[in-house]
Amino acid sequence: MADTIFGNGAGHWVCPNDRQLALRAKLQTGWSVHTFQTEKQRKTQALSPQEREVILGVIRKAEKLDMVEQQRIGRLVERLENMRKNAMGNGLSQCLLCGELLGLLGSTSVFCQDCKKKVCTKCGIETIGSQKRPLWLCKICSEQREVWKRSGAWFYKGLPRYIAPSKSGSGSEQPARAGNAAEPEGGGSSRAVTWARGR
């Protein structure tokens, strides 16, 4: 009975004692005899050149798909940044986007739920809120929500890695990071998207 408890017996289902475990750790054989592999066994289990090529092909395809996805998100972000740059009004007495005068003498205004600015009804988008009542968003905030939705940023709580489209059209695109990322890589582009951190 004591042999069974302390692991000195020859039974197959007996837990090895501390001394045996220490010896197996030094020999790198693991808990079970089945985990021990000789050098010859390791060599016979090495990957063949064909298997390596298949694995490398899968990795290259994944990297290519990741690059296409980063370019797609970069185009979405670029479109949003262009909308922000082209905003002409102040959002108080003028429409934030088109700059049209608001109030009694101008067109009717609506209040954007996200940015808390005023826009005209042409530049606003009416949506349904969580309480099933209508709410208005300016086109910039609506596009911002669309970018968050289509890039998966709503799930990761920040924009994933993206590649901004090049201005010159020469094909050389600069990688950029946004969202919860600390700093852009290499310190080259100091582009910070503040709305990505606010969600």
Side-chain angles (χ1 to χ4, degrees), residues 60-199:
R60 282 193 287 271
K61 185 177 179 182
E63 287 172 349
K64 189 176 180 182
L65 289 174
D66 190 41
M67 184 72 68
V68 168
E69 180 66 12
Q70 288 179 20
Q71 290 171 348
R72 183 185 72 84
I73 295 171
R75 286 191 297 273
L76 290 172
V77 171
E78 187 70 20
R79 180 176 167 188
L80 176 63
E81 292 298 318
N82 286 338
M83 287 177 77
R84 286 203 171 132
K85 287 177 197 167
N86 294 333
M88 297 177 0
N90 58 12
L92 299 171
S93 60
Q94 299 173 323
C95 173
L96 178 67
L97 294 166
C98 64
E100 191 174 323
L101 201 63
L102 301 173
L104 294 173
L105 301 175
S107 61
T108 56
S109 66
V110 291
F111 194 67
C112 176
Q113 194 70 29
D114 284 359
C115 68
K116 312 296 187 214
K117 304 273 182 169
K118 289 183 180 178
V119 291
C120 64
T121 52
K122 292 182 290 186
C123 297
I125 296 172
E126 187 177 9
T127 61
I128 302 295
S130 58
Q131 284 102 21
K132 303 287 187 216
R133 36 174 225 217
L135 60 92
W136 284 86
L137 295 172
C138 66
K139 287 184 180 176
I140 293 175
C141 292
S142 175
E143 184 69 20
Q144 178 178 315
R145 286 185 176 197
E146 193 68 21
V147 168
W148 269 73
K149 180 175 78 175
R150 291 173 65 187
S151 68
W154 61 272
F155 182 78
Y156 297 110
K157 306 285 190 262
L159 269 179
R161 212 181 159 99
Y162 66 90
I163 298 174
S166 62
K167 302 284 184 194
S168 61
S170 62
S172 62
E173 296 178 335
Q174 297 294 324
R177 278 187 77 87
N180 292 358
E183 287 293 323
E185 290 184 314
S189 171
S190 62
R191 176 184 189 129
V193 182
T194 55
W195 54 267
R197 293 189 190 98
R199 289 272 174 195

Within the side chain of [X], is there an N or O that forms a donor-acceptor pair under 3.5 Å with the backbone of [Y]?
{"X": "Ser151", "Y": "Val147", "value": "yes"}
{"X": "Asn82", "Y": "Lys85", "value": "no"}
{"X": "Arg150", "Y": "Arg72", "value": "no"}

Has Arg60 got more than 12 heavy atoms of other residues, nucleotides or ligands less than 6.0 Å from its CZ?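 Result for CZ/Arg60: enclosed.
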
For Lys61, I'd like to know if atom NZ has over 12 heavy atoms of other residues, nucleotides or ligands within 6.0 Å.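 Incorrect, the count does not exceed 12.
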
Between Lys118 and Val110, does a side-chain contact (heavy atoms from CB on, under 4.5 Å) hold up when you go through it step by step? CA-CA 6 Å; Lys118 289 183 180 178; Val110 291; over 6 Å; no

Could you tell me the separation between the [atom1] atom of [X] and the [atom2] atom of [Y], rounded to the nearest 0.5 Å?
{"X": "Ile125", "Y": "Glu143", "atom1": "CD1", "atom2": "CD", "result": "8.5 Å"}
{"X": "Met88", "Y": "Leu97", "atom1": "CE", "atom2": "CG", "result": "9.0 Å"}
{"X": "Cys112", "Y": "Lys117", "atom1": "SG", "atom2": "NZ", "result": "10.0 Å"}
{"X": "Leu80", "Y": "Ile140", "atom1": "CG", "atom2": "CD1", "result": "7.5 Å"}
{"X": "Tyr162", "Y": "Gln70", "atom1": "OH", "atom2": "CD", "result": "11.0 Å"}
{"X": "Cys120", "Y": "Gln94", "atom1": "SG", "atom2": "CD", "result": "11.5 Å"}

Side-chain contact, heavy-atom cut-off 4.5 Å: [X] with [Y]?
{"X": "Phe111", "Y": "Lys116", "result": "yes"}
{"X": "Thr121", "Y": "Ser107", "result": "no"}
{"X": "Gln71", "Y": "Met67", "result": "yes"}
{"X": "Asp114", "Y": "Arg145", "result": "yes"}

Presence of salt bridge, [Y] and [X], under 4.0 angstrom:
{"X": "Glu100", "Y": "Lys122", "result": "yes"}
{"X": "Asp66", "Y": "Arg161", "result": "no"}
{"X": "Lys149", "Y": "Glu146", "result": "yes"}

Between Val119 and Ser109, is a side-chain contact (heavy atoms from CB on, under 4.5 Å) present by the stated rule, with each step listed? CA-CA 5 Å; Val119 291; Ser109 66; over 6 Å; no

Between Gln144 and Arg84, is the side-chain contact (heavy atoms from CB on, under 4.5 Å) condition met? List the steps. CA-CA 10 Å; Gln144 178 178 315; Arg84 286 203 171 132; 2.8 Å; yes

For a quick test of reading the model, state the closest non-hydrogen atom pair linking Trp154 to Trp148 and the distance between them.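 Where Trp154 meets Trp148 most closely, the heavy atoms are CD1-O, 3.1 Å.
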
Do you know which two heavy atoms are closest between Ser93 and Asn90, and how far apart they sit?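 So the minimum-distance heavy-atom pair works out to N-OD1, 3.3 Å.
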
